[in-house]
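Note that this is a predicted model, so its numbers are computed, not measured. Letters A, B, ... mirror the listed sequences (proteins, then strands); counts begin at 1.
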2 protein chains.
Amino acid sequence: MTTTLAELVQRRPSRADARRNYDSLIAAARQSFAEMGTEAPLEEIARRADVGIATLYRNFPTREALVESVYLEEVQAVCNAAGEVDHLEPWEALLAWLRRFVTYVGTKRVLVEGLNRDSNTFKACRLGLYEAGAPLLSRAQAAGLVRPDVAIDDVVRLVAGIAGIGSTTEEQRDRILGIALDGLKRAA
Amino acid sequence: MTTTLAELVQRRPSRADARRNYDSLIAAARQSFAEMGTEAPLEEIARRADVGIATLYRNFPTREALVESVYLEEVQAVCNAAGEVDHLEPWEALLAWLRRFVTYVGTKRVLVEGLNRDSNTFKACRLGLYEAGAPLLSRAQAAGLVRPDVAIDDVVRLVAGIAGIGSTTEEQRDRILGIALDGLKRAA
DNA sequence: CATATAAGTGGAGGGTTCCTCCGTTTAGCG
DNA sequence: CGCTAAACGGAGGAACCCTCCACTTATATG
């Protein structure tokens, strides 16, 4: 039984000062991960948040917990993007969301590094992505534009794999995504 | 001017004992990276190789250098596999090599983690993979089975992206590879 | 074979990062 | 206001990285 995105609401501290510190830590972590990857020194993150190292550990017992919290926020943004393409034609809507996904992931290092992690949180995030994209895929399949034997989880994982390609150019990534998406189309 | 695979022949020590230590280090690193990823502690690798930490550093000035040496060996194996499918029909040959690639990468953690690194060595390794796979792609294109607007580097990067998908099953990876490869086929 | 020497050795020590302890401080409730 | 649970953070120890330097050894040469 995998938890859903909604069930991963973070338990935030009750005291006002502690809540401020929690938010500072998340902001500092997001910035540091973006600059240095998810291996950024925790003492640096605590320094940027203007808190002591023990405060960081009290809020996030492990580095993984901190990464997950930052990751959760980013995934929410991608899931929300699915609602912004509803007005497009079925294939165009699916395409737009997947391209949005790849482009967004390309600018969020914590997303690239989180796509393949194995934990309950990351599993739940993948489920959230599946749920966000499933209506778009179904619409395109109902319109006869996408082969009916393809499931949303395969699509998301395929696109995630492409999003995770490093040391490449935007142009190449677009070409590769185009090839892959051509594989989605219904056979003529 | 990117160096080729052939130009990356490692300078091995001249003394017999040092050569033995070098080989021990490579073997220990391969094993440790496979178990723990490319972040395995260097002191552990030295311990497994039965050498002191300074000996490890003398042979491999940085962790990256050690990773690259192990990676080189693994890439050679993939490139060689291209010569083992020549007897197959054009499409089957390309398919077999790409599947071999994905399967092999899936069992070699250092390969997964190296596919997207950015250094001269890794670039050269990618070139090596392109060269190995190019004849197979050309044959399939000449046979009219693969769209002519696809280049080998895009194919390798696409398949590498799929190979790098973590936290998934063999079945799912096969399905995803199938979708992507369908995108390679010549439009009907 | 003996010798010289360049090649090669590794543990200690210092720096960085991770993680926990525990005395101290502070927010918020009755 | 007083009390106390929540929250604070720096010190210290462990793990890992990296270099120094005294010591060892393989090998070429006479």
Whole Å only: how far is the CZ atom of A:Arg58 from the P atom of D:dA6?
12 Å
Quick check on DNA chain D: between B:Thr62 and A:Asn21, whose nearest nucleotide comes earlier from the 5' end?
A:Asn21
C:dG8 OP1/OP2 closer than 4.0 Å to side-chain N/O of B:Ser14:
yes
Does A:Asp50 CG have over 12 foreign heavy atoms under 6.0 Å away?
no
Electrostatic pair A:Arg48-A:Glu44, nearest N-O below 4.0 angstrom:
yes
Sugar-phosphate only, base, or nothing, as touched by B:Ala16 at under 4.0 Å among non-hydrogen atoms:
sugar-phosphate
In whole angstrom, give the distance that lies between atom CG of B:Asp50 and atom P of C:dT9.
12 Å
Let me know the distance between CG of A:Leu25 and P of D:dA7, rounded to the nearest Å.
13 Å
Suppose we call two aromatic rings close when their centres sit under 6.0 Å apart. Are A:Phe60 and A:Tyr22 close by that rule?
yes
Counting side-chain heavy atoms from C-beta on, which of D:dC17, D:dA7, D:dA26 comes nearest to B:Asp17?
D:dA26
Whole-Å distance between D:dC16 P and B:Leu56 CG?
14 Å
Rounded to whole Å, please give me the gap between CZ in B:Arg47 and P in C:dG11.
13 Å
State whether A:Arg15 places a side-chain N or O below 4.0 Å from either non-bridging phosphate oxygen (OP1 or OP2) of C:dT26.
no
Distance in angstrom units between A:Tyr22 OH and D:dC8 P, rounded
13 Å
Does B:Lys185 come within less than 4.0 Å of B:Asp182, counting only side-chain N to carboxylate O?
yes
Residue mapping more 5' on DNA chain D - nearest nucleotide basis, B:Ile53 or B:Arg19:
B:Ile53
B:Glu89 atom CD, over 12 foreign heavy atoms within 6.0 Å
no
Gap between atoms OH and C1', on B:Tyr57 and D:dC21 respectively (whole Å):
18 Å
CZ of B:Phe60 versus P of C:dT9: gap in Å, rounded?
11 Å
Give a yes or no answer on whether the side chain of A:Asn80 reaches the backbone of A:Gln76 with a donor-acceptor pair at less than 3.5 Å.
yes
Taking A:Asp23 first and then A:Arg12, would you say they form a salt bridge - that is, a charged N and a carboxylate O separated by under 4.0 Å?
yes
Using a cut-off of less than 4.0 Å, is there contact between a side-chain N or O of A:Thr55 and OP1 or OP2 of D:dA7?
no
Here the residues of residues 35-46 of chain B within 4.0 Å heavy-atom distance, strictly under, of DNA chain C are none
